[in-house]
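Notes to accompany the following structure.
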Amino acid sequence: MSFGFLGIQFGFALQNANVSRIFETLGASKDELPILWLAAPVTGLLVQPIVGYYSDRTWHPKWGRRRPFFAIGAILATIALFAMPNSTALWMAVIMLWLLDASINISMEPFRAFVGDMLPNEQRTSGFAMQSFFIGLGAVIASALPYLMTNWFGVENVTSDGSIPDSVKWSFYIGGIAYFTAVMWTVFNTKEYPPDDIEKLRSENAEIGVFTGLKESFMGIFKMPKTMVQLAFVQFFSWFALFAMWIYTTSAVTSHIYETSDTASALYNEGADWVGICFAIYNGIAALVAFLLPVVAKKLSRKMTHLIALVLGGLGLLSMYFISDPNLLLVSMIGVGIAWASILSMPYAMLSSILPSNQMGYYMGVFNFFIVIPQIVAAGILGFLLKTFFGNISIYALIIGGFSMIIAGFLCIFVDDNEITNDDAKN
């Protein structure tokens, strides 16, 4: 069920670790980066709830409910991964980011509902933790690819004309192949449970037109259960922090630690490659911690586990300000990795406990509003804050992100988690 996430994360991790690098190489300034990244969350805002809504209402005797969306997303994402590093102008790279993020969302959102469909409540914490493991594993390899291409295989990471280096291009090609292969493996090797009443589903689909479906998808934000509302605040501050990190880590590390902003220099590209290693480390930590989260959650509760993880992640981001040795960044990434593992599993485990099974995809899509809305807010204000108050120094974006993640952690206290233990399930 979860193996396809290995491939999805190749696309997601390559995007997170390299898009700012690509944008800066093609001439983007630091204060332009958040606006250029806006393509990603806006795409998610449009795509996720629609895909979730219609994946609930899809059924094919052979392909099931969610798997058609996995396959379509994989095909489109593979095309985008091959095309993006060959962009010759900034506007081309932005368009490819739109396509890539839309494609990832088409695949990824139904995967969340897939676990809810297939597992009973008492197994969902473990199910989402397994997704986190494959997400972490895929991201470790994908994030490190440019560094590995250069240092293991001798592929150039600097070009004479200041274009996108070959190390980045080959990383994206490998990522495209991995994305398609892993997702299609899940498509061909899993089977889904059919709806309880197929005829009723067909009748409802005939009555509900396309525009009614779209309206219901976007109005769902006003019909959220209480626990979902509480988790929405946690998600908002968590993903605001993550987006600040993804946008500004390359710029922050190259300028604050490597002390260069010259994208054509060997030193800048060495720093950008090291950012990929940092991202690989936090994803590797997430893959390992994923197996510990269900154990800790059983002892402390899911919301307390999430609180601790988010605070550790926030401290990891804050610590980057005080570092001058690039190697010490790997220590900061331990906290970020613990937070990332929890962000990928605990909110969804808590949420799936209170959702009706026939609307799992719909509500997961609505819940993802609170992944994309904070990213839109971050894109809208981070550039302004840095330019107005922090002298356009990128490291301060990571400090803002660190405080945001700590706030998210303490908001977990107010979440009503309808947790069902194994003992409860037996009763």
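For clarity, every value in this text was computed on a predicted model and none was experimentally measured.
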What do you reckon, are the aromatic ring centroids of [X] and [Y] less than 6.0 Å apart?
X	Y	value
Phe114	Phe70	yes
Phe172	Phe82	no
Trp246	Phe12	yes
Tyr268	Tyr258	no
Phe180	Trp185	no

Next on the checklist: Taking CH2 in Trp170 as the centre, count heavy atoms belonging to other residues, nucleotides or ligands within less than 6.0 Å. Is the count above 12?
Outcome noted: no
Checklist entry - Would one find more than 12 heavy atoms of other residues, nucleotides or ligands at under 6.0 Å from atom CZ of Phe390? => result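 Yes, the 6.0 Å shell around CZ holds more than 12 heavy atoms from other groups.
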Atom pair [atom1] ([X]) and [atom2] ([Y]), whose distance is rounded to the nearest 0.5 Å:
X	Y	atom1	atom2	value
Phe414	Leu411	CZ	CG	6.5 Å
Ser404	Leu242	OG	CG	9.0 Å
Met350	Thr305	CE	OG1	8.5 Å
Glu192	Trp63	CD	CH2	11.5 Å
Phe3	Thr181	CZ	OG1	9.0 Å
Ile400	Phe240	CD1	CZ	6.5 Å

What are the two closest heavy atoms between [X] and [Y], and how far apart are they?
X	Y	value
Met118	Lys191	CE-O, 2.8 Å
Val140	Ala280	CG2-O, 3.1 Å
Val51	Pro110	CG1-CG, 3.5 Å
Lys169	Pro85	CE-O, 3.4 Å
Ser107	Ala74	OG-N, 3.3 Å
Ser143	Ala13	OG-CB, 3.6 Å

Checklist entry - side-chain contact (heavy atoms from CB on, under 4.5 Å) between Met96 and Ile22: does it pass, once the steps are laid out? => result CA-CA 11 Å; Met96 286 302 103; Ile22 291 171; over 6 Å; no
Taking the side chain as everything from C-beta on, heavy atoms only, tell me whether [X] gets closer than 4.5 Å to [Y].
X	Y	value
Trp340	Val289	no
Trp274	Asn327	yes
Gln9	Tyr179	no
Thr25	Val168	no
Thr227	Val415	yes
Met228	Phe370	no
Leu330	Cys278	yes
Val311	Phe410	yes

Checklist entry - Donor-acceptor pair, Thr150 side chain versus Pro146 backbone, under 3.5 Å? => result yes
Checklist entry - Any sub-3.5 Å donor-acceptor pair from Ser251's side-chain atoms to Ile247's backbone N or O? => result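 No, the answer is negative, given that no donor and acceptor are paired below the 3.5 Å cut-off.
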Item to check | Listed once per pair and sorted, the side chain to side chain donor-acceptor pair (under 3.5 Å) pairs that draw on residues 11-23, sequence neighbours left out | outcome: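 Qualifying pairs, neighbours excluded: Gln15-Asp101, Ser20-Trp37, Arg21-Asn269, Arg21-Asp273.
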Item to check | Residue pairs, two or more places apart or on separate chains, that pass salt bridge (Lys or Arg N to Asp or Glu O under 4.0 Å) and touch residues 380-394 | outcome: Asp31-Lys387
Checklist entry - Can you list every pair that meets ring pair (Phe, Tyr, Trp, His ring centres under 6.0 Å) and has a residue in residues 294-330, with sequence neighbours left out? => result His256-Tyr321, Tyr321-Tyr396
Checklist entry - Are any of the side-chain nitrogens in Lys303 or Asp417 under 4.0 Å away from the carboxylate oxygens of its partner? => result no
Next on the checklist: As a quick check of understanding, evaluate side-chain contact (heavy atoms from CB on, under 4.5 Å) for Phe237 and Leu310, giving each step before the final call.
Outcome noted: CA-CA 10 Å; Phe237 287 98; Leu310 290 174; over 6 Å; no
Next on the checklist: Would Phe243 and Val372 count as a side-chain contact (heavy atoms from CB on, under 4.5 Å) here? Give the steps.
Outcome noted: CA-CA 9 Å; Phe243 204 57; Val372 298; over 6 Å; no
Item to check | side-chain contact (heavy atoms from CB on, under 4.5 Å) assessment of Leu100 paired with Val19 | outcome: CA-CA 11 Å; Leu100 178 59; Val19 165; 5.7 Å; no
Checklist outcome for this item: Of Lys298, Met346, Arg302, the one forming a side-chain contact (heavy atoms from CB on, under 4.5 Å) with Leu293 is Met346
Checklist entry - If you measure only the distance, is there a donor-acceptor pair under 3.5 Å linking the side chains of Gln123 and Ser126? => result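 Not at all, the side chains of Gln123 and Ser126 share no donor-acceptor pair under 3.5 Å.
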